[in-house]
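Taking it in order: structure first as structure tokens, then the write-up.
The figures here come from the full heavy-atom set of this structure, side chains too, leaving out hydrogens, waters and symmetry mates.
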Amino acid sequence: MNSIDLILLNFNEVRRRSIKVWTSIPQEKLIWKPDDEAMTCIEMIRHVLESEHYYHLAIQNHGSLSVFDSPFEKQPFTTVNAELEFAEPYRIQFLETIRLFTEEDLTNIKIDRSDSGYIRSFGDMLLRVAYHESVHTGQLLDYLRMAGVPRVRVWD
């Protein structure tokens with residue numbers, strides 16, 4: 001197994017665990033949020049899926065996008081499954097893009113996100129994308145605890 005394979009395995013494992021959490025949220029709790037400034041549960045799920053699409057385009061661009069017309073923006077919030085179904089083609093494209101790169105690309109290609117305060121290697125950027133999803137999945141587990149909703153076991 002090479003580095004690209006490991007990165008893809010990590011993306012798949014992070015998403016598998018996220019889906020376990022996301023699909024365990026009762027429909028009536030999808031609009032719950034801990035305070036007025038926080039995202040709702042479904043907004044956070046959308047944020048993760050939409051951000052992955054943005055990161056995919058930023059990677060292809062080798063840096064931040066000056067304009068991002070999100071295909072997610074016009075989608076109504078309905079169910080977790082609807083969010084996942086809508087995002088699936090973008091997810092497939094993202095993973096297929098990663099497969100096109102070589103191990104050398106992980107170090108040699110730079111992603112310029114100076115507007116966000118960093119320039120990182122392609123490999124570092126990929127790890128950041130997975131970490132972003134992991135952090136928000138952890139936040140949702142905390143949301144569920146605060147809302148009194150039983151939490152699924154993510155460590156299987």
Side-chain angles (χ1 to χ4, degrees), residues 4 6-101 105-106 109-144 146-147 149 152 154:
I4 299 288
L6 285 170
I7 287 169
L8 290 167
L9 174 64
N10 187 52
F11 271 112
N12 288 325
E13 281 300 294
V14 167
R15 181 57 53 86
R16 181 179 69 81
R17 288 179 168 96
S18 293
I19 288 172
K20 283 181 79 168
V21 173
W22 299 346
T23 59
S24 76
I25 302 170
Q27 183 69 27
E28 68 275 7
K29 293 293 185 184
L30 287 175
I31 58 170
W32 188 88
K33 59 183 179 176
D35 60 63
D36 291 339
E37 295 180 26
M39 289 185 265
T40 66
C41 293
I42 199 159
E43 286 171 339
M44 193 174 303
I45 294 166
R46 165 82 56 90
H47 168 72
V48 167
L49 298 171
E50 183 177 37
S51 294
E52 183 177 80
H53 178 58
Y54 175 87
Y55 290 137
H56 177 206
L57 298 176
I59 286 165
Q60 290 178 316
N61 192 51
H62 291 209
S64 297
L65 306 175
S66 56
V67 176
F68 176 55
D69 293 319
S70 173
F72 291 80
E73 206 168 89
K74 294 181 179 138
Q75 291 296 113
F77 290 105
T78 58
T79 66
V80 171
N81 285 333
E83 292 293 320
L84 290 168
E85 287 173 19
F86 183 79
E88 184 65 16
Y90 301 105
R91 171 77 172 183
I92 290 168
Q93 290 171 4
F94 177 55
L95 297 177
E96 286 175 355
T97 296
I98 295 169
R99 284 186 188 91
L100 298 174
F101 289 95
D105 292 335
L106 295 173
I109 293 175
K110 301 299 180 208
I111 308 299
D112 186 346
R113 301 224 43 228
S114 298
D115 60 310
S116 294
Y118 61 89
I119 299 172
R120 296 285 190 263
S121 68
F122 174 54
D124 181 284
M125 186 68 195
L126 291 174
L127 293 176
R128 284 171 179 260
V129 174
Y131 181 69
H132 176 258
E133 180 168 332
S134 298
V135 165
H136 284 305
T137 297
Q139 280 184 291
L140 282 171
L141 285 168
D142 191 43
Y143 273 32
L144 295 175
M146 287 188 282
V149 176
V152 296
V154 294

Check: Distance-only, no hydrogens or angles: does the N12 side chain make a donor-acceptor pair with backbone N or O of L8 under 3.5 Å?
Finding: yes

Check: Taking F94 as the fixed residue, which of Y54, F11, Y55 is the one that meets the ring pair (Phe, Tyr, Trp, His ring centres under 6.0 Å) rule?
Finding: F11

Check: How close do V152 and L141 get, heavy atom to heavy atom, and via which atoms?
Finding: O-CD2, 4.5 Å

Check: Under 30°, 30 to 60°, or over 60°: which ring-plane class applies to F122 and F101, parallel, tilted or perpendicular?
Finding: tilted

Next item on the list: Decide yes or no on salt bridge (Lys or Arg N to Asp or Glu O under 4.0 Å) for R16 and E13, but give the supporting numbers first.
Entry: CA-CA 5 Å; R16 181 179 69 81; E13 281 300 294; 2.8 Å; yes

Note to self: If I compare all heavy atoms of T137 with all of S18, which pair ends up nearest, and what's the gap?
What the structure shows: OG1-OG, 2.7 Å

Notebook entry, point to check: What's the shortest heavy-atom distance between A38 and E43, and which atoms?
Noted result: O-OE1, 4.4 Å

Next item on the list: Of all the heavy-atom pairs spanning H132 and V48, show the shortest one and how long it is.
Entry: CE1-CA, 4.4 Å

Margin query: Keeping D124 on the side-chain end and L127 on the backbone end, is there a donor-acceptor pair under 3.5 Å?
Written below: no

Next item on the list: Return yes if some donor-acceptor pair links the side-chain N/O of Q27 with the main-chain N/O of T78 below 3.5 Å, else return no.
Entry: yes

Notebook entry, point to check: Do the non-hydrogen side-chain atoms of R46 and F72 ever get within less than 4.5 Å of each other?
Noted result: yes

Check: Should the heavy atoms of other residues, nucleotides or ligands under 6.0 Å from CD of E73 be counted, would the total exceed 12?
Finding: no

Item checked: Donor-acceptor side-chain pairing of E50 and H53 below 3.5 angstrom -> no

Check: Are T79 and N81 linked by a side-chain donor-acceptor pair shorter than 3.5 Å?
Finding: no

Next item on the list: Mind checking the NE2-SG spacing from H136 to C41? Nearest 0.5 Å is all I need.
Entry: 13.0 Å

